[in-house]
Amino acid sequence: MRQPKKVLVLYYSQTEKTKDVIDYIIDPLRDKDDISIEEVLIEPVNPFPFPWPKVYFFSIFPECVYEVPVEIKEPVFKENKYDLIVIGGQVWFLSLSIPLVSFFMHKKSKIINNTKVITILNCRKMWIHTQKRMEEFISLAGGTLVDKVLITAQGEQMQTLTATKDNLFKSNGDCDKKWEVSPTALKQLKQQGKDLLDALQSNKLSEEGVFTTKSTAFNNTDFDHPEMVARKKFLQIGGVIKRLSKSKSYFRYFLTIIFLFFFFIMVFIGLPLWPLVKRLKDKKKSGTAV
Ligand SMILES: Cc1cc2nc3c(=O)[nH]c(=O)nc-3n(C[C@H](O)[C@H](O)[C@H](O)COP(=O)(O)O)c2cc1C
């Protein structure tokens, strides 16, 4: 009898949103005799709090943008080698979330070496840097990216910002904890799950791609400019805060409150205005081109 195809699913998920997305992709593979699935959660030794205390939440942004790892529980894998590794994570302060960074910097990330990988990224809107970093980490570990999934929050800026805020700061009883995946994205995820099953069963996992359609969210690069500007600011301000204060210290909280003043102007005034500014800029550009 032929060996089943071995799939390892590695992920972090605090409010189960990323896990839900992973499940849509993985569900068609479950209970198949010719496929074995192993799911491993990346677990920080000291779990991040949920709901997040507000100032503490913002105080960790320097560690996020500078990719400072935390100690994670050593992941245990049943196999030495897999046919496919699916890695699921999220964006924290426009950067790859700390638990994912911590895994990629852990010695057990060697499991990726010489293995095909699919990434699943879940976030509100700005994903370009994080997707790139995830791919760089995979390449550094010797893995080969065969395809990628991206899910972003449905809705307008303010709507998704409020949903994210409620999602992270309200206790479980006060909020639904999940943001909506659009019906189109949902349909696409289910199709991608079927495509993956087909690719595994017919030995068609290759760098050419696995999914018949790319995640629609990849088409939206409207926010690449604000993301670049915001990351630059995060790196500048985060660098100073990180140099001057230790995480969880009173001085860090004090500096965080000062930073928040500028952060809220950027997020709640600058970002919602950006689509309008972009439209005006594009209009002006096409006007001058004529
Ligand atoms: C510390 C922290 C920072 C975050 N920063 C961002 C961000 O910069 N951009 C974004 O789209 N979402 C951000 N989020 C929201 C996460 O992307 C969201 O919580 C995640 O998608 C939820 O996935 P999970 O339930 O699988 O943990 C942040 C969340 C946390 C906890």
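- Side-chain contact annotation: Glu71 with Ser102, donor-acceptor N/O pair under 3.5 Å absent.
- Between the side chains of Gln191 and Lys194, not a single donor N or O lies within less than 3.5 Å of an accepting N or O.
- Counting heavy atoms from C-beta outward, Thr221 and Ile128 have side chains that approach closer than 4.5 Å.
- A centroid separation of 6.0 Å or more is found between the aromatic rings of Phe263 and Phe61.
- When the shell of 6.0 Å around NZ of Lys214 is examined, it contains more than 12 heavy atoms from other residues, nucleotides or ligands.
- Taking 4.5 Å as the limit, every side-chain heavy atom of Phe264 sits out of range of all side-chain heavy atoms of Ile269.
- Within 6.0 Å of the CG atom in Asp31, the count of heavy atoms belonging to other residues, nucleotides or ligands does not exceed 12.
- Remark: Ile237 CD1 to Thr256 OG1 distance equals 11.0 Å, nearest 0.5 Å.
- Residues Lys19 and Glu39 are paired through a salt bridge, judged by an N-O separation under 4.0 Å between the basic side chain and the carboxylate.
- Between Lys5 and Asp34, no side-chain nitrogen of the basic residue sits less than 4.0 Å from a carboxylate oxygen of the acidic one, so the salt-bridge criterion is not met.
- Taking CD of Glu16 as the reference point, atom OG1 of Thr18 lies at 9.0 Å (rounded to 0.5 Å).
- Of the charged side-chain nitrogens involved, at least one lies within less than 4.0 Å of a carboxylate oxygen, so that Arg133 and Glu67 count as a salt-bridged pair.
- With ring centers used as reference points, Phe57 lies 6.0 Å or more from Trp92.
- Classification of Glu38 and Lys78 as a salt-bridged pair fails, no side-chain N sitting under 4.0 Å from a carboxylate O.
- Residues Thr216 and Gln188 bring a donor and an acceptor atom of their side chains to less than 3.5 Å of each other.
- A salt bridge is defined here as a Lys NZ or Arg NE, NH1 or NH2 lying under 4.0 Å from an Asp or Glu carboxylate O, and Asp27 with Arg30 meets this definition.
- Screening Arg252, Lys242, Lys248 for a salt bridge (charged side-chain N to carboxylate O under 4.0 Å, His left out) with Glu63, the sole residue that qualifies is Arg252.
- Using a 4.5 Å heavy-atom threshold, the side chains of Tyr11 and Ile120 count as separate.
- Considering only heavy atoms from C-beta on, Val229 comes within 4.5 Å of His225 through its side chain.
- Each of Asn113, Ile111, Leu8, Asn114 was compared with Lys81 under the side chain to side chain contact (heavy atoms under 4.5 Å, CB included) criterion, and only Asn114 meets it.
- Atom CG of Leu168 is separated from atom CD of Gln14 by 7.0 Å, given to the nearest 0.5 angstrom.
- You'll find the side chain of Phe58 reaches within 4.5 Å of the side chain of Phe93, heavy atoms only.
- A salt bridge between Lys125 and Glu227 is absent, with no side-chain N of the basic residue lying under 4.0 Å from a carboxylate O of the acidic one.
- To the nearest 0.5 Å, the span separating OG on Ser206 from NZ on Lys116 amounts to 7.0 Å.
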